[in-house]
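Have a look at the structure below before the remarks.
Numbers for residues simply follow the sequence, beginning at 1. Please read all numbers here as calculations on a predicted model, not as lab measurements.
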Amino acid sequence: MPELPSLELLREARGRLASHDLNDPATTQLILKIDAHLAALAPNPGSAELVEAARKEWRSFDEIDIDSDEQRVSIGEDGTWVRAWIFLSHDDAARHGVSAEICAPTDSAQTP
């Protein structure tokens, strides 16, 4: 899976912190927090197969898109959650009270 820029940044910051004074308790605690956060973001074993199964299950729905590099899943008792993009038309958003200004595309808008 390609690294997300935020993960690369977090790993770099962790490395720089670790190269400094590790006798400082605040630095050590921050490094431990970063390590825990990175560990929580690591893919589950078998996640690639679960994501592919979800892709196949929902492939006929044009309004649902799973990123090609998606790896994170949340496994529960009755099934698995896979992160996906769900399309909401501007008309549907307006029907639910969302203003046109909020729906206006911006330079930072992302599409899957």
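The shortest side-chain heavy-atom distance between Leu9 and Leu7 does not fall under the 4.5 Å cut-off. Using a 4.5 Å cut-off on side-chain heavy atoms (C-beta onward), Glu12 and Glu8 make no contact.
Closest heavy-atom contact between Leu38 and Arg11: CD1-CG, 3.9 Å. The shortest non-hydrogen separation linking Val73 to Ser47 is CG2-CB, 3.9 Å. Considering all non-hydrogen atoms of both residues, Leu50 and Val82 come closest at O-CG2, 4.3 Å. Across every non-hydrogen atom of Cys103 and Val98, the tightest pair is SG-CG1, 3.8 Å.
With values rounded to the nearest 0.5 angstrom, Ile64 atom CD1 is found 13.0 Å from Arg55 atom CZ. Taken from CD in Glu52 to CD in Glu70, the straight-line distance is 12.5 Å, to the nearest 0.5 Å. The distance from atom CG of Asp67 to atom CG of Asp65, rounded to the nearest 0.5 Å, is 6.5 Å. Trp81 contributes atom CH2, which lies 14.5 Å from atom CZ of Arg72 (distance to the nearest 0.5 angstrom). Here the CG atom belonging to Leu17 is positioned 5.5 Å from the CD1 atom belonging to Ile34, to the nearest 0.5 angstrom.
Applying the side chain to side chain donor-acceptor pair (under 3.5 Å) test to every pair with at least one member in residues 88-105, sequence neighbours left out, gives these pairs: Ser89-Asp92, Asp92-Arg95, Ser99-Glu101. Applying the ring-ring contact (aromatic ring centres under 6.0 Å, His included) test to residues at least two apart or on different chains, the pairs with a partner in residues 52-74 are Trp58-Phe61. Residues in residues 30-45 take part in these side chain to side chain donor-acceptor pair (under 3.5 Å) pairs, two or more places apart or across chains: Arg14-Asp35.
A distance-only check finds no donor-acceptor pair linking the side chain of Thr80 to the backbone of Gly76 [under 3.5 Å].
The cluster map of Ile, Leu, Val, Met, Phe, Trp and Tyr, joined by side-chain heavy atoms under 4.5 Å apart, puts Ile75 and Ile66 in the same cluster.
For the side chain to side chain contact (heavy atoms under 4.5 Å, CB included) criterion with Thr27, the lone passing option out of Ile31, Asn23, Leu30 is Ile31.
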